[in-house]
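In the text below, chain A, chain B and the rest are named by the order of the sequence lines, each starting its count at 1.
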2 protein chains.
Amino acid sequence: MTSTTAPAAPVPDAAACTHTDTVARFFRALSDPTRLRLLEFVLAAERTSAECVEHVGISQPRVSVHLTCLVDCGYVTARRDGRKLVYSVGDPRVADLVVLARALAADNASALDCCPLIPSADRP
Amino acid sequence: MTSTTAPAAPVPDAAACTHTDTVARFFRALSDPTRLRLLEFVLAAERTSAECVEHVGISQPRVSVHLTCLVDCGYVTARRDGRKLVYSVGDPRVADLVVLARALAADNASALDCCPLIPSADRP
DNA sequence: GCATACTATGCGGGTAGGCAAATAGCTCTA
DNA sequence: TAGAGCTATTTGCCTACCCGCATAGTATGC
């Protein structure tokens with residue numbers, strides 16, 4: 001944690017004072033169905049790029065971009081194994097976050113479907 | 001658990017099997033800086049619409065849309081008090097989600113700034 | 001060193017969703 | 001029942017971002 005190492009920071013808690021924009025961008029990484037699908041796929045087990053491509057069913061370049069994004073945001077880490085790159089989730093809090101969000105989303109799924117600002121794909 | 005009520009469903013747990021698209025849309029509600037700012041503002045205390053408008057500094061119609069979105073997604077609830085609408089957060093898990101995300105985002109803030117797919121506003 | 005996976009980057013197009021401004025609708029006071 | 005205050009909806013514009021396709025780059029194996 002970076003907050004525990006800060007001795008006399010002008011802010012009481014680094015985590016609590018992270019710019020809201022940064023947190024929003026952090027959420028944005030999970031707001032795309034393809035990226036979320038990838039994250040949950042990697043969350044279940046270590047996966048290679050090729051496995052991810054097959055799982056989500058979109059082009060390899062696009063999957064590469066999404067995975068890079070997930071790595072940049074700190075959700076997953078990449079490791080080379082021979083010719084392949086293997087992606088995995090190191091921080092257990094990522095699973096916590098997804099589980100928590102899933103529980104909340106499940107309890108509000110029906111209402112969520114009616115939100116006009118965020119229309120669902122199959123409900124135009 | 002809801003799985004006990006499902007007799008022969010092909011899925012083990014309703015919460016765990018909520019469509020990924022739905023969860024992604026749930027995250028999308030928090031992926032906008034203005035909405036996240038509003039949520040955290042309401043999270044701290046009950047707020048009226050007018051207070052929210054002043055806090056985020058954008059037009060009233062836009063705030064109305066954002067607040068409606070947050071209500072639809074189940075993050076906040078609205079209550080009428082005289083002429084005003086008062087918004088509050090009922091589910092404590094919402095706070096948990098935000099705190100957890102803040103902690104994760106804080107630990108990856110620097111890397112997040114470098115993610116080209118999700119560029120920050122002040123870093124073109 | 002060369003060939004072959006495997007992965008990343010650039011380009012162009014289409015849609016989603018952000019904003020302000022104008023306006024309609026609802027709720028309480030007088 | 002007016003009238004004033006508060007909130008929601010509509011319109012139009014513009015930017016962000018997702019996509020596939022083509023291609024460049026890099027690490028590994030022979």
(request) Assign A:T48 to base, sugar-phosphate, or nothing according to its heavy-atom contacts below 4.0 angstrom with the strands shown. (result) nothing
(request) Whole angstrom is fine here: how far is it from CG in A:D21 over to P in C:dG18? (result) 14 Å
(request) Rounded off to whole Å, could you give me the CZ-to-P distance for the B:R28 and D:dA16 pair? (result) 14 Å
(request) Respond yes when some side-chain nitrogen or oxygen of B:T34 is under 4.0 Å from OP1 or OP2 of C:dG18, and no when none is. (result) no
(request) Write down the distance between CG (B:D32) and P (D:dC17), rounded to a whole number of angstrom. (result) 11 Å
(request) Mind calculating the distance between CD (B:E51) and C1' (D:dC6) to the nearest angstrom? (result) 14 Å
(request) Round to the nearest Å and state the distance from A:R35 atom CZ to C:dA16 atom P. (result) 16 Å
(message) B:D96: which residues meet the side chain to side chain donor-acceptor pair (under 3.5 Å) condition with it, sequence neighbours left out?
(response) none
(message) How long is the straight-line distance from CZ of A:R25 back to SG of A:C73, given to the nearest 0.5 Å?
(response) 7.5 Å
(request) Could you grab the distance from atom NZ of B:K84 to atom OG of B:S49, nearest 0.5 Å is fine? (result) 10.0 Å
(request) Have a look at the helix from C:dG1-D:dC30 to C:dA30-D:dT1 and give the angle its two end axes make, five pairs each, rounded to 10 degrees. (result) 30°
(request) Give a yes or no on whether the ring-centroid distance for A:Y75 and A:F26 is below 6.0 angstrom. (result) yes
(request) Would you give the length of the straight line joining atom CZ of B:F27 to atom CZ of A:R102, rounded to the nearest 0.5 angstrom? (result) 9.0 Å
(request) For residues B:C52 and B:V42, report the shortest heavy-atom separation together with the two atoms involved. (result) SG-CG2, 4.1 Å
(request) Starting from C1' on C:dG17, measure out to CZ on B:F27 and report it in whole angstrom. (result) 19 Å
(request) Can you measure from CZ (A:R47) to CD (A:E54) and round to the nearest 0.5 angstrom? (result) 11.0 Å
(message) Looking at B:H66, I'd like to know whether one of its side-chain N or O atoms comes within less than 4.0 Å of OP1 or OP2 on C:dG17.
(response) no
(message) List the residues meeting salt bridge (charged side-chain N to carboxylate O under 4.0 Å, His left out) with B:E46, not counting sequence neighbours, and say none if there are none.
(response) B:R79
(request) Return the value, rounded to whole Å, for the distance between atom CG of A:L36 and atom P of D:dC18. (result) 13 Å
Protein N or O to nucleotides 20-23 of chain C N or O, pairs below 3.5 Å:
residue, atom, partner, partner atom, Å
C:dA20, OP2, B:S59, N, 3.3
C:dA20, OP2, B:S59, OG, 3.0

(request) Indicate yes or no: does B:D32 engage B:R37 in a salt bridge with an N to O separation below 4.0 Å. (result) no
(message) I'd like to check the salt bridge (charged side-chain N to carboxylate O under 4.0 Å, His left out) partners of B:E51; sequence neighbours left out, ordered by chain and number.
(response) none
(message) Short of 4.0 Å, heavy atom to strand atom, which residues of residues 77-85 of chain B count as contacting DNA chain C?
(response) B:R80, B:G82, B:R83
(request) Report the distance from atom OG1 of A:T22 to atom CG of B:N108, rounding to the nearest 0.5 Å. (result) 11.5 Å
(request) From the options C:dT9, D:dT9, D:dC18, select the nucleotide whose nearest atom is closest to the side chain of B:S64. (result) D:dT9
